[in-house]
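Heads up: the structure comes next, in structure tokens.
For the numbers below, each heavy atom of this structure counts, side chains included, while hydrogens, waters and symmetry mates do not. Chain identifiers are assigned alphabetically (A, B, ...) following the order of the sequence lines, protein sequences preceding nucleic acid strands; residue numbering begins at 1 within each chain.
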Amino acid sequence: MAGAMTRYDPATIEPKWQAYWDEDDTFRTPEGTDRPKTYILDMFPYPSGSGLHVGHPEGYTATDIVARYRRAAGFDVLHPMGWDAFGLPAEQHAIVTGTHPRDTTARNISTFKRQLKMLGFSYDWAREIDTTSPEYVKWTQWIFLKLFKRGLAYQSEVAVNWCAELGTVLANEEVINGLSERGGHPVERMPLRQWVLKITAYADRLLEDLGEVEWPNSTRIMQQEWIGRSEGAEVNFDVVGHDAVIEVFTTRPDTLFGATFMVLAPEHPLVQVLTTDERRDEVAAYVEQAKNKSERDRQANKDKTGVFTGGLAINPVNGAEVPIYIADYVLWGYGTGAIMAVPAHDERDFEFATTHGIPIIEVVSQTGAPADAPLKVAMTEQGIAVNSSKYDGLRTAEFKSRVTADLEAAGKGISRVEYKLRDWVFSRQRYWGEPIPIYFPVDTEGDPRAGADYTIRYSEPIAVEESELPLRLPELDDYKPGTDPAGVLARAEDWRFFQKDGQWFARETNTMPQWAGSCWYYLRFIDPDNTRALCSPDLAAQWLPVDLYVGGAEHAVLHLLYARFWHKVLYDEGAVPTKEPFKKLVHQGMILGEGGQKMSKSRGNVVNPDDIVAEFGADSMRIYEMFMGPLEATKPWNTSSISGVRRFLDRVFAVTLRADASASPDDALRRLQHQTTRKVTEDIEAMRFNTAISAMMVLTNDLMKLEQVPTEVLGVLAKLVHPFAPHLGEEVWEMLGHAPSIQAEPWPTYDRALCEQDEVEVPVQINGKVRARITLAKNATEAQAVAADHEAVGTHLDGKTIRKTIWVPNKILNLIV
RNA sequence: GCCGGGGUGGCGGAAUGGCAGACGCAGGCGACUUAAAAUCGCCCGUGGAAACACGUGUGGGUUCGAAUCCCGCCCCCGGCACCA
């Protein structure tokens with residue numbers, strides 16, 4: 001071996017330790033011990049063609065620090081990584097270049113893996129998973145079959161978000177302001193046969209169990225609002241002259257006496273029935289116009305348009321006849337698609353009534369007496385009933401329960417709960433996704449592959465046998481989306497059609513959305529090679545739930561809601577032992593470009609981790625990202641600041657070269673060692689990495705000033721710094737004469753008593769202004785403090801009388817004069 | 001509009017009722033060097049020669065004492081957006 005290095009050179013030591021860790025299997029997940037466990041998980045990446053950007057390592061470094069710390073602190077740690085590798089970009093690349101998405105994906109994965117290894121993350125690579133591998137797809141399909149058999153996966157002819165540009169439908173969650181979340185292409189509504197997952201059946205549990213997770217409050221609120229539970233009543237209005245009933249959903253049945261009109265969504269089937277002949281043309285025109293309006297137009301224009309149908313409904317509480325309108329501000333997808341309109345107490349109804357000259361009747365007031373003047377705006381608060389016959393004087397809550405009970409007794413209504421959450425449209429018309437393992441009988445006279453006419457009996461779906469999983473994708477020459485809403489796979493006729501016992505069948509040609517693989521990957525990491533089950537129940541019981549899950553806030557509703565849903569289904573299935581998958585969740589903040597703008601190729605401000613590692617080293621990159629500010633905060637990148645953390649690492653190396661085994665720390669250094677250990681330990685636990693690094697800088701700067709640097713303190717510094725800068729940590733540990741790996745060393749402990757100073761400097765305030773400082777023994781009494789203050793404050797007290805003395809031990813002495 | 005988060009030196013940030021600005025960047029001065037870089041040391045909120053005064057978006061309040069707690073307002077970021 002060459003002579004000891006005299007200079008910190010990350011380009012040499014980083015590959016050296018990475019090779020050591022690989023060779024040594026340092027981060028292999030322990031099995032069968034009786035130590036406590038921790039499961040620390042990153043949101044796994046989509047391996048894009050452009051490789052890692054600096055946002056990825058932010059969260060990954062944070063979890064790596066916690067993982068390395070927990071191992072040292074005596075935990076068995078599961079810290080895996082894998083690839084969410086189905087998805088649009090690889091398929092779009094295939095459309096343009098003809099390269100099979102499998103090849104693109106494999107290449108991108110190898111780039112990502114090289115970059116992650118370069119950064120020294122302590123993943124157990126033996127558990128690496130790829131959502132596109134047949135072994136993984138098998139279990140994704142297996143879960144789909146469980147959903148299907150439980151009636152939670154069904155087909156529906158639904159008005160879906162069709163994106164012609166992408167040639168596929170999108171989930172509501174993937175449509176933002178009428179444009180696709182990916183790519184920003186226009187999205188239109190059209191009815192298509194789709195596979196839908198009944199997530200609404202789990203709405204209440206998804207809501208309730210938010211109470212048992214340690215998640216950011218904002219994320220829990222977002223999920224709550226997305227689920228959007230509201231309690232109210234369904235009320236039935238008879239229609240004059242027809243044997244029809246309009247059902248409405250309302251959260252304010254106490255305002256029934258103020259209902260002066262009804263509104264149906266334009267799509268409501270009763271529209272055709274109750275429209276009078278003289279109104280028919282106008283109504284038909286409105287319905288047509290509403291149908292052609294895109295989501296986007298609807299959002300841009302919130303005017304309360306609508307037309308009278310000519311029909312009248314009977315208010316069940318007072319027999320009043322009220323006109324029935326149609327208007328697009330009533331949504332067909334929510335509640336019953338019809339409302340009772342109470343303009344006095346609902347802003348939208350107020351606006352509609354005002355523009356259409358409909359009466360406004362006040363039925364709730366703050367005082368219990370009707371207002372003197374007509375209402376100028378809707379009064380949406382709760383209050384006391386007026387103009388409501390026998391219910392007058394009741395408070396809102398009391399009124400609601402009484403009138404709902406009365407309606408129920410009369411067979412005119414029932415209490416009901418509604419959700420904003422819709423069932424999850426689960427099919428995509430893409431190639432690069434998991435095939436849905438379903439097939440259908442086909443009626444045909446010949447061979448459909450040879451062009452015979454055929455009819456697919458979609459109403460009779462048949463599950464593929466579990467033993468036949470995985471159902472693999474066919475090979476295609478052309479990945480272009482067609483106009484055929486059956487999807488790209490419909491063109492693979494040899495794959496699609498098959499014969500069994502003389503009967504022809506057709507496979508489902510839709511594939512699953514990208515969310516499918518990420519809904520359960522955290523389970524596969526627990527038992528990645530199991531061929532009999534997605535994960536052994538024993539191992540699931542051992543490792544679940546995920547103790548720490550770190551990823552971007554952009555997944556606050558989509559991925560995190562879908563994964564919770566699948567987890568609960570698997571819980572019901574007995575496959576997992578916990579109700580919730582992710583106990584503690586943290587979102588790392590976004591890293592902006594140098595100018596404070598979002599990083600993007602078009603702005604040209606993207607920072608490439610390869611360049612940073614080449615110039616400063618992986619450890620500097622890691623520490624810099626943690627030192628920028630609080631993990632959760634959005635913060636701008638600043639390359640010149642990295643030189644500061646690089647200097648810190650240089651000094652850790654330099655000061656280690658001066659290790660002196662014969663030196664022992666004085667009281668002050670001993671105290672600082674214990675204070676730093678405490679600070680770093682507490683800060684890692686609380687994920688305050690920026691202040692932990694600051695504390696280690698203080699200790700290092702102090703050590704630099706010493707004539708003799710005690711080896712013992714350097715050992716503690718090495719242990720503290722190693723989760724943050726693991727390569728340097730290993731290197732200095734070795735320089736101090738120890739055998740690797742420092743990861744095997746126990747985490748340093750601290751003694752609270754040794755953290756305390758014997759003497760404290762206490763500021764003396766006069767009327768709240770600091771005028772002097774006095775040095776006192778720790779825990780000095782007020783009398784001692786007052787005795788000490790006089791000489792210190794000097795002339796500030798001349799000619800004044802002390803009226804009051806405030807003494808906070810070890811903190812402050814404040815004299816009021 | 002509603003919900004959530006935030007506003008502190010030239011910059012990133014620290015301090016969650018007790019000395020505002022830890023730590024770092026940038027900047028200044030000095031040492032070393034033939035010189036430069038690197039490194040090391042010192043200075044670095046504003047005004048002021050100093051004493052001192054002022055200072056955490058803004059206006060009030062509570063308190064002996066407020067960046068921190070309470071009320072009103074302004075601005076920035078994220079989410080939702082006719083859900084009856």
- Message: Rounded to whole Å, please give me the gap between CZ in A:F648 and P in B:C40.
- Response: 13 Å

- A:T260 versus A:P359, closest heavy-atom pair with distance: OG1-O, 2.9 Å

- Side chains of A:M599 and A:I591: does their closest heavy-atom pair fall under 4.5 Å? yes

- Message: Expressed as a whole number of angstroms, how long is the span from A:H555:NE2 to B:G78:P?
- Response: 17 Å

- Item | Closest to the A:I339 side chain, choosing from B:G12, B:G4, B:A84 | B:A84

- Pairwise C1' distance for B:C44 and B:G24, with rounding to whole Å: 14 Å

- For A:R647 and B:G24, is the shortest distance between a side-chain N/O and OP1 or OP2 below 4.0 Å? no

- B:A26 to B:G78 separation - C1' atoms, rounded to the nearest Å: 30 Å

- Message: By nearest atom, which of the nucleotides B:C25, B:G12, B:A14 is closest to the A:N690 side chain?
- Response: B:A14

- Distance test, side-chain N/O of A:R651 to OP1/OP2 of B:C40, below 4.0 Å: yes

- Message: Work out how far the C1' atom of B:C42 is from that of B:G7, and round it to whole angstrom.
- Response: 33 Å

- A:M697, nearest nucleotide to its side chain (from B:G24, B:G13, B:C64): B:G24

- Message: When you measure from the side-chain N and O atoms of A:S230 to the phosphate of B:A84, is any distance below 4.0 Å, counting only OP1 and OP2?
- Response: yes

- Note on the structure: Comparing A:Y334 with A:P763, nearest RNA chain B nucleotide closer to 5' gives the residue A:P763

- Pairing partner of B:C69 (Watson-Crick or G-U wobble, both distances under 3.5 Å): B:G61

- Task: Specify the glycosidic conformation (syn or anti) of B:G60, with syn defined as within 90° of 0.
- Result: anti

- Query: Under 3.5 Å, is there a donor-acceptor pair between the side chain of A:Y286 and the main chain of A:T305?
  - Reply: yes

- CZ of A:F249 versus P of B:C82: gap in Å, rounded? 17 Å

- So what does A:Q765 touch, heavy atoms closer than 4.0 Å: a base, only the sugar-phosphate, or nothing? base

- Item | Length of the line joining A:I812:CD1 and B:A66:C1', which is rounded to integer Å | 12 Å

- Atom-pair distance (CZ on A:R688; P on B:A15), nearest Å: 7 Å

- Query: Looking at the side chain of A:N814, which of B:G18, B:C3, B:G12 is the nearest nucleotide?
  - Reply: B:G18

- Item | Same-atom distance (C1') from B:U33 to B:G45, integer angstrom | 35 Å

- Message: Closer than 4.0 angstrom, basic N to acidic O: yes or no for A:K412 and A:E247?
- Response: no

- Who does B:G12 pair with, Watson-Crick or G-U, both distances under 3.5 Å? B:C23

- Item | Whole-Å distance separating the NZ atom of A:K811 from the C1' atom of B:G17 | 10 Å

- Query: Paired with B:C44 by Watson-Crick or G-U wobble geometry, both distances under 3.5 Å: which nucleotide is it?
  - Reply: none

- Write down the partner of B:U33 under the Watson-Crick or G-U wobble criteria, each distance required to be under 3.5 Å. none

- Task: Under 4.0 Å between any heavy atoms, over every strand shown, what does A:P216 touch: base, sugar-phosphate, or nothing? Just pick one.
- Result: nothing

- When you compare B:C75 with B:C69, how far apart are their C1' atoms, in angstrom units rounded to a whole number? 23 Å

- Atom CD of A:E594 with >12 non-hydrogen neighbours under 6.0 angstrom: yes

- Task: Find the partner of B:C80: check Watson-Crick (N1-N3 plus N6-O4 or O6-N4) and G-U wobble (N1-O2, O6-N3) distances, both under 3.5 Å, and reply none if neither fits.
- Result: B:G1

- Closer to the 5' end of RNA chain B via nearest nucleotide, is it A:S694 or A:D346? A:S694

- Query: With respect to the side chain of A:K635, which nucleotide from B:G18, B:G4, B:G12 is positioned closest?
  - Reply: B:G12

- Message: I need the CD-C1' distance between A:E625 and B:C23, as an integer number of Å.
- Response: 18 Å

- Query: B:C23 phosphate, OP1 or OP2: any side-chain N/O from A:N701 under 4.0 angstrom?
  - Reply: no

- Query: Can you tell which of B:C40, B:C64, B:A26 lies closest to the side chain of A:I806?
  - Reply: B:C64

- Query: Is A:I816 touching bases, backbone alone, or none of the nucleic acid, heavy atoms closer than 4.0 Å?
  - Reply: sugar-phosphate

- Note on the structure: When rounded to whole Å, the NE2 to C1' distance for the pair A:H587 and B:G79 reads 11 Å

- Query: Which nucleotide in the set B:C40, B:C82, B:A84 lies at the smallest distance from any side-chain heavy atom of A:T250?
  - Reply: B:A84

- Item | A:Q675 side-chain N/O to A:C755 backbone N/O, donor-acceptor pair under 3.5 Å | yes

- Heavy-atom side-chain contact between A:I693 and A:M626 under 4.5 Å: yes

- Can you tell me, in whole Å, how much space there is between the P of B:C40 and that of B:A49? 35 Å

- If you measure from the P atom in B:G6 to the same atom in B:U16, how many Å do you get, rounded? 15 Å

- Query: Base, sugar-phosphate alone, or nothing: which one does A:V698 contact when heavy atoms must sit under 4.0 Å apart?
  - Reply: sugar-phosphate

- Message: Can a donor-acceptor pair be found, under 3.5 Å and without considering hydrogens, that links the side chain of A:S600 to the backbone of A:R603?
- Response: yes

- Query: When you compare B:G48 with B:C3, how far apart are their P atoms, in angstrom units rounded to a whole number?
  - Reply: 47 Å

